[in-house]
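A short worksheet on the structure shown next.
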Amino acid sequence: VCWLGHGLTGNTATLMMVLCLFFAAWAKVEMTMDESVEVYLGDLADIPCQYVFSEQPRAVMIQWFVRNPGSSSRERIYYGDNTQQIVDDGTDFTGRITVSDIGDQEGVLLTIQDVQLTDEREFFCQVNGMAAGNGEGKTHLRVFDPPEASVIEGVHTGISVTNELPSRIASCEARNSFPKPNITWYRDSSPLTPTHGQINVVTLVTRESSGFYTVQSELQYKVAKEDKDALFSCEVSYYVPEGVRTAKSKVINITVHFPTTIIELWKESPQGLVKEGDTVELRCQGDGNPPPPFTFNREQASDDTLVLREVIRGDSGVYQCRALDLDTYEQVTGDMQLTVHYLDPAVVVPKDSEILLKGESLTATCNALSSLETTTVWLKNGQEVGKGHMLFLQDATYDTAGEYVCEVTVSSLPGLHTSGSVHIIVQGAPQMKDADREVEMDEGTGKWVNLSCEAHAHPLTTISWTVTGSQSWHEVLTRATEHSTISVVSIKVTSDITAFCNATNDIGTETKSFSIRASKPPSEGNGVIIVVIILCILLLAILGSVLYFLHKKGKIPCGRSGKQEITKENPNKDDIVMEMKTNTKTEDAGLLKGINGDKNGPSDQVTMDTKAIR
């Protein structure tokens, strides 16, 4: 009946189908199909349809239907039996589906290629085994496509905490997703949920003509001062075949406007303590945003900075900074104490200079008024001679005289220092070194001797010389300094001399004596005798060398006679004959006597005769 009804139309076909179902009710078919199949857009989808007959059918007919979008009607897309397999023409699946057997199990597999968004529908599988029974199962095909990267954008203007209603903070958009994604807002790491009067989330869902969804979400938030450092972000959650995935946007920060409640005023420069002459920079800052305009109680300032140039101690005091909040019209103040430290010029007593007599004592003081603790040292010629504001000079000597400088410093503020000085003058009679001891000297007669004399005193001394024993003397140098006078005389020694150096000033006199003992130079005659002796010895040595040389050459025959003739075998014209007489016993004695000026005896003389040989 079922087979015959398949080829009929109209009322007859309906009647035959009813009869088919009536008879098939006695038979049983167990159908097995997945509730849903999930695939990504563009992928391949497999929808299995399995069945089991309680009785073996003589023939099996398979049909696939799809529910039309937005209605309950169905559209057949496939028909097949033991003899034929037909894919219906003119459907959304024509050319994209195939039906095949499921391996060793009874059933078929519907395969859809290049899945589209419109493919998300219910698919029905009908199995008809004629008298063996029939059955139907369905599977919902679900298609997924992730959205594009989310785009978040915050407001560019500041948001005031004084707004009574939640203000628009940011917007977040997720485009081209299927199915519709969801957007969740976060403050830092905490999710935000809509709260009356505090948080509103406005969501706009758009279904594009392509079938994709675009979701736009706007966060409205009642900001507080604490939100100035908060980071806001949105998270998009979307469905995929494996479940649910999430993607977070970048974080943004918003500008929060809040009134000023606290003002801080501080010294920006210089670092540390302030002294007179410094340039001071005071800065004022409040905790409000945006910063309000500031005013200072003493002088006009530039923005939030007050500059005080070359400050003096009168600039010390309390400085105040005021701000008027333009939202609340409340005035807030901040203040600070500025102290300008100082060090007055040093005052030295005695002032300028002081005259002391030798042996007297003096106490000098040095004081400088300061706002800080000071340290005082006394210097003379760059060397430290005392500490503290008092200097004690006892039993003054000429070495005590000079300039004493007191230097006052502040250890806690090195830039503060001052100084003063006093000139000490020591007066007294002249003073010479070793004046009580006579200077004794031995010098040769005829020599010139320099004598020097130095006297220390104030007032300056006048030096005069008294010389006995020589008329040849004169002063070669005289020089005076602040505390001493030097004189040098040059004296020719002719005999024993006594010289006195007399130093005199208005207070007294000092004398120093010199004693020079004259000594005779060595005799000139003795020196001449020594020179003559040396010359004679040299002549004798030369003569002896010549004679020895001639003897070796055979030119001089030597014998014991006291007189020898020296001739040549063939004398030439103008040859010379020498006759020599010697007395060896008295030779040396005669030489010495000759040197001393005595006459030589006849036996001590050497006679040389010369003859011309013709």
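Bear in mind that the values here come from a model prediction, so they are computed numbers and not experimental data.
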**Study point:** Leu44 CG to Arg96 CZ distance, which is reported to the nearest 0.5 Å
**Key:** 10.5 Å

Review point. With distance as the sole test, does Asp335 use its side chain to make a donor-acceptor pair with the main-chain N or O of Val318 at under 3.5 Å?
Key: no

Study note, to complete from the structure: Nearest heavy-atom contact between Leu109 and Ile102 is N-CG1, 3.9 Å

Check your understanding: Hey, does Val256 have a side-chain heavy atom less than 4.5 Å from the side chain of Ile254?
Key -> yes

Below 3.5 Å, can you tabulate the donor-acceptor pairs from side chains in residues 147-160 to any protein atom, sequence neighbours excluded?
{"from": "Glu148", "atom 1": "OE2", "to": "Asn176", "atom 2": "ND2", "distance (Å)": "2.7"}
{"from": "Ser160", "atom 1": "OG", "to": "Thr162", "atom 2": "N", "distance (Å)": "3.1"}
{"from": "Ser160", "atom 1": "OG", "to": "Thr162", "atom 2": "OG1", "distance (Å)": "2.6"}

Check your understanding: Do the charged groups of Arg121 and Asp92 touch, with an N to O distance under 4.0 Å?
Key -> yes

**Study point:** Val205 to Val215 - nearest heavy-atom pair and separation
**Key:** CG2-CG2, 4.2 Å

Check your understanding: Is the backbone of Val340 close enough, under 3.5 Å, to the side chain of Ser316 for a donor and an acceptor to pair up by distance?
Key -> yes

Practice item. Quick one: do Glu373 and Ser412 satisfy side chain to side chain donor-acceptor pair (under 3.5 Å)? Show the steps, please. Key: CA-CA 8 Å; Glu373 185 177 352; Ser412 59; over 6 Å; no

Review point. Is a side-chain donor or acceptor of Ser249 paired with a backbone partner of Cys234 at a separation under 3.5 angstrom?
Key: yes

Review point. How long is the gap from CG on Leu265 to CD on Glu268, to the nearest 0.5 Å?
Key: 11.0 Å

Practice item. Decide whether a cation-pi geometry holds between Arg187 and Tyr221; the criteria are a distance under 6.0 Å from NZ or CZ to the six-membered ring centre and an angle within 45° of the ring axis. Key: no

Review point. Where the side chain of Asp81 meets the backbone of Val60, is there a donor-acceptor pair that is under 3.5 Å apart?
Key: no

Practice item. Compute the centroid of each ring, for Tyr51 and then for Phe53, and state whether the two points are separated by less than 6.0 Å. Key: yes

Check your understanding: Got a sec: does the OH of Tyr239 have more than 12 other heavy atoms crowding it under 6.0 Å?
Key -> no

Exercise for review: Give a yes or no on whether Lys248 atom NZ has more than 12 heavy-atom contacts from other residues, nucleotides or ligands under 6.0 Å away.
Suggested key: yes

Revision key, fill the gap. Exactly one candidate in Lys138, Gln63, Met33 meets side chain to side chain contact (heavy atoms under 4.5 Å, CB included) with Phe124; the answer is Lys138

Review point. Is the number of heavy atoms from other residues, nucleotides or ligands under 6.0 Å of Gln337 CD greater than 12?
Key: yes

**Study point:** Side-chain heavy atoms of Val108 within contact of Tyr78, under 4.5 Å
**Key:** no

Review point. Can you check whether Thr206's main-chain N or O pairs, donor with acceptor, with Thr214's side chain at less than 3.5 Å?
Key: no

Check your understanding: Passes side-chain contact (heavy atoms from CB on, under 4.5 Å), Ser371 versus Thr339? Steps please.
Key -> CA-CA 10 Å; Ser371 59; Thr339 301; 5.9 Å; no

Practice item. Would you check if there is a donor-acceptor pair between the side chains of Gln216 and Ser171 at a distance under 3.5 Å? Key: no

Check your understanding: Going by atom types alone, do Asp188 and Ser190 pair a side-chain donor with an acceptor below 3.5 Å?
Key -> no

Check your understanding: For Lys225 and Val161, which heavy atoms make the closest approach, and how far apart are they?
Key -> N-CG1, 3.6 Å

Point to revise | Distance-only donor-acceptor check, side chains Gln285 and Arg283, under 3.5 Å | key: no

Check your understanding: Should we count CD of Glu35 as having more than 12 external heavy atoms under 6.0 Å?
Key -> no

Exercise for review: May I have all residue pairs that pass disulfide bond (SG atoms under 2.5 Å apart) and include part of residues 97-164, sequence neighbours excluded?
Suggested key: Cys49-Cys125

Exercise for review: State, with a plain yes or no, whether a side-chain heavy atom of Leu306 is found less than 4.5 Å away from one of Tyr319.
Suggested key: yes

Check your understanding: Closest approach of Asn82 and Arg58, non-hydrogen atoms and distance?
Key -> ND2-O, 4.0 Å

Check your understanding: Is there a side-chain contact between Ser233 and Ile252, using heavy atoms and a 4.5 Å cut-off?
Key -> no

**Study point:** Backbone of Tyr342 reached by a side-chain donor or acceptor of Ser370 within 3.5 Å
**Key:** yes

Practice item. Could you tell me the separation between the CD atom of Glu75 and the OG1 atom of Thr91, rounded to the nearest 0.5 Å? Key: 5.5 Å

Exercise for review: State whether the side chain of Ser269 and the backbone N or O of Gln271 hold a donor-acceptor pair below 3.5 Å, judged by distance alone.
Suggested key: no

Review point. For Glu242, does the CD atom sit with more than 12 other heavy atoms under 6.0 Å from it, leaving out its own atoms?
Key: yes

Point to revise | Note, Phe294 side chain near Ile263 side chain (heavy atom, < 4.5 Å) | key: yes

Check your understanding: Where do Asn200 and Pro166 come nearest, in terms of heavy atoms and distance?
Key -> ND2-CG, 4.0 Å

**Study point:** Side-chain (Arg322) to main-chain (Thr333) donor-acceptor, under 3.5 angstrom
**Key:** no

Exercise for review: Under the salt bridge (charged side-chain N to carboxylate O under 4.0 Å, His left out) rule, collect the residues that match up with Glu235, sequence neighbours excluded.
Suggested key: none

**Study point:** Separation of Tyr40 OH from Arg142 CZ (nearest 0.5 Å)
**Key:** 12.5 Å

Exercise for review: Without swapping roles, check the side chain of Thr195 against the backbone of Thr193 for a donor-acceptor pair under 3.5 Å.
Suggested key: yes

Study note, to complete from the structure: dist Arg74:CZ -> Arg67:CZ (nearest 0.5 Å) comes out at 6.0 Å

Practice item. Determine whether more than 12 heavy atoms belonging to other residues, nucleotides or ligands lie under 6.0 Å from atom CZ of Arg207. Key: yes

Check your understanding: Between atom CH2 of Trp64 and atom CZ of Arg76, what is the distance when rounded to the nearest 0.5 Å?
Key -> 14.0 Å

Practice item. Begin from the C-alpha positions of Asp287 and Lys228 and carry the test salt bridge (charged side-chain N to carboxylate O under 4.0 Å, His left out) through to its verdict. Key: CA-CA 12 Å; Asp287 62 345; Lys228 63 185 178 65; over 6 Å; no

Check your understanding: Looking only at atom types and distance, does a side-chain atom of Asn253 sit under 3.5 Å from a main-chain N or O of Ala230, one as donor and one as acceptor?
Key -> yes

Practice item. Might you point out which heavy atoms bring Tyr79 and Gln84 nearest each other, and give the distance in Å? Key: CE2-NE2, 3.5 Å

